[in-house]
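Computed from a prediction, not measured in an experiment: that's the story for all the values here. Both counts, for ligands and for their atoms, begin at 1 and track the order of listing.
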Amino acid sequence: MKEKIEALKAKIDSAIQETETGRALYELKLKFQAELKSIMSGMRDLPKEERPVFGKVINEFKEGMEQKFEERAVVVRQKELQKKYEEEKIDVTMPGRKYEAGALHPVTLVKNQLIDIFAGMGFKVFEGPEIETDYYNFTALNTPEDHPARDMQDTFYLADKLLLRTQTSAGQIRVMETEKPPIKILSPGRVFRSDDDATHSPMFHQMEGLVVDKGITLCDLQGMLAEFAKKMFASSTKVRLRPSYFPFTEPSVEVDLSCSECGGKGCRLCKGTGWIEVLGAGMVNRRVLENCGVDPDVYTGFAFGMGIERIAMLKYGINNIKALFENDTRFLKQFRD
Ligand code: DAH
């Protein structure tokens, strides 16, 4: 029996020292307890008088071993921690990973600003389709097939009578066909024309406005545009209306704003005139109202349409429309709020 204990002691002792993990130590302890139990069960075969002496020997051995297990547990825990630290070590001096924040495109910025300004005056947003019929884009807007005004806009046709809309004005018809006055809508969107130079792009954005109600006059248009100009540009911005021609408005006007660069004195931006043309507008032509089933003897309205890129170019001093479509991040970064 004594030999058995001695053998177990020697075996366990060195095994304890070899354990490297808490788990191995725990398993070893279970094994040790099982072996000790089997030795203790042999006590039954000893003469009665020898049992107390032996019991004492076993108890001391057990306590001694438990102490060793505990001591090793401390060492092993330390070793495990050390290993973990090494594996999870981070070098705080390493350069960080850079995440670039995105920003809204200047066209989107200006579109949102326009919607904000006009929503403040009670306008609701309506978005029409980019693929339009010849009827909505031209005919209903008082531009019949042989009308010379069709040449003002070089149209991309997709099929006979089906085209990429050349103007958001097409949305005016869609709204008037489905809604009864009072109407006050704002219609932003992409438009397409076969045109391409420093100030024209085959795809660009427009913002259309339409107000129809009883007693609407050109003065309402003028007052609303004055408000828009002050909010979009400087509060000192002045508005000027010039007679013009659009088939869908009568009278039609071209709207100029006092030059934001020189304040009206005359400079390179306004070509010495002090004024910059920003949009087309007018009183909705009676024929257009009739085409949509709105009685022109009861209702009148005004409409306006502007190029969003043009407003963005004026507002941010961009001199080539291409900069807005190249998506060069060095350019776009400058519009971060
Ligand atoms: N649709 C015109 C264009 O693309 C702009 C325009 C002019 C819209 C006068 C209007 C308007 O609503 O009344 O050139």
Side-chain angles (χ1 to χ4, degrees), residues 111 114 118 121 123-130 132 134-144 147-156 163-177 183-195 199-213 216-225 228 239-257 276-289 291-292 294 296 299-311 313 321:
K111 181 179 112 178
L114 287 168
F118 287 102
M121 297 190 233
F123 282 75
K124 276 194 302 190
V125 172
F126 166 84
E127 287 190 44
E130 291 174 4
E132 263 301 1
D134 184 278
Y135 176 76
Y136 285 102
N137 196 81
F138 290 123
T139 314
L141 286 162
N142 196 33
T143 320
H147 198 288
R150 287 208 181 194
D151 298 338
M152 282 159 64
Q153 302 176 358
D154 298 300
T155 313
F156 288 117
L163 45 85
L164 292 179
R165 68 175 172 199
T166 60
Q167 49 189 354
T168 44
S169 307
Q172 290 186 25
I173 307 299
R174 291 189 174 271
V175 171
M176 283 193 280
E177 271 184 358
I183 290 170
K184 213 170 180 187
I185 59 111
L186 198 60
S187 192
R190 280 193 195 102
V191 298
F192 307 84
R193 290 181 199 180
S194 174
D195 211 350
T199 51
H200 296 91
S201 155
M203 187 286 290
F204 62 103
H205 299 76
Q206 281 188 336
M207 181 69 82
E208 190 86 9
L210 173 71
V211 175
V212 182
D213 202 355
I216 298 290
T217 69
L218 200 65
C219 287
D220 297 314
L221 171 68
Q222 191 164 17
M224 189 218 63
L225 289 174
F228 146 74
V239 177
R240 177 175 86 170
L241 306 187
R242 265 184 301 114
S244 184
Y245 173 76
F246 296 102
F248 34 89
T249 44
E250 182 57 39
S252 301
V253 292
E254 209 84 61
V255 181
D256 297 337
L257 302 186
I276 292 180
E277 185 190 314
V278 287
L279 58 100
M283 297 305 291
V284 181
N285 192 309
R286 300 176 58 88
R287 293 234 189 125
V288 175
L289 294 174
N291 288 343
C292 304
V294 178
Y299 295 104
T300 52
F302 68 72
F304 62 89
M306 64 184 98
I308 299 182
E309 281 81 0
R310 174 144 180 84
I311 304 287
M313 287 167 79
I321 196 170

Ile216 side, atom CD1; Leu210 side, atom CG - distance, nearest 0.5 Å: 10.0 Å

Distance filter under 4.0 Å to Gln172 heavy atoms, resulting ligand 1 atoms: 12 (O)

Shortest reach to atom 14 (O) of ligand 1 by a heavy atom, considering only Glu254, Arg193, Met306: Arg193

Heavy-atom neighbours of Arg287 CZ exceed 12 at 6.0 Å: no

Test of proximity, Gln206 against ligand 1: N or O pairs below 3.5 Å: yes

Geometric class of the Phe118/Phe228 ring pair [parallel <30°, tilted 30-60°, perpendicular >60°]: parallel

All salt bridge (Lys or Arg N to Asp or Glu O under 4.0 Å) counterparts of Glu277, not counting sequence neighbours: Arg242

Atom indices of ligand 1, in the order listed, that fall short of 4.0 Å to a heavy atom of Thr249: 13 (O)

Side-chain donor-acceptor pair present, Gln172, Glu208, cut-off under 3.5 Å: yes

Heavy atom of Phe248, distance to ligand 1 below 4.0 Å: yes

Sub-4.5 Å side-chain heavy-atom contact between Val253 and Leu221: yes

Proximal atoms of ligand 1 relative to Gly282 (non-hydrogen, under 4.0 Å): 13 (O)

Tyr136 six-ring centre to Arg165 NZ/CZ under 6.0 Å and within 45° of normal: no

Min N/O separation Gln167 to ligand 1 under 3.5 Å: yes

Pairwise side-chain contact, Phe138 with Thr155, heavy-atom cut-off 4.5 Å (strictly under): yes

Per-residue contact class, Ala303 against ligand 1 - non-hydrogen pairs under 4.0 Å: both

Those atoms of ligand 1 less than 4.0 Å from some heavy atom in Ser169: 1 (N), 8 (C)

Numbering as shown, the atoms of ligand 1 that approach Phe246 to under 4.0 Å (heavy-atom distance): 7 (C), 9 (C)

Part of Phe304 within contact of ligand 1 (heavy atoms, under 4.0 Å): backbone

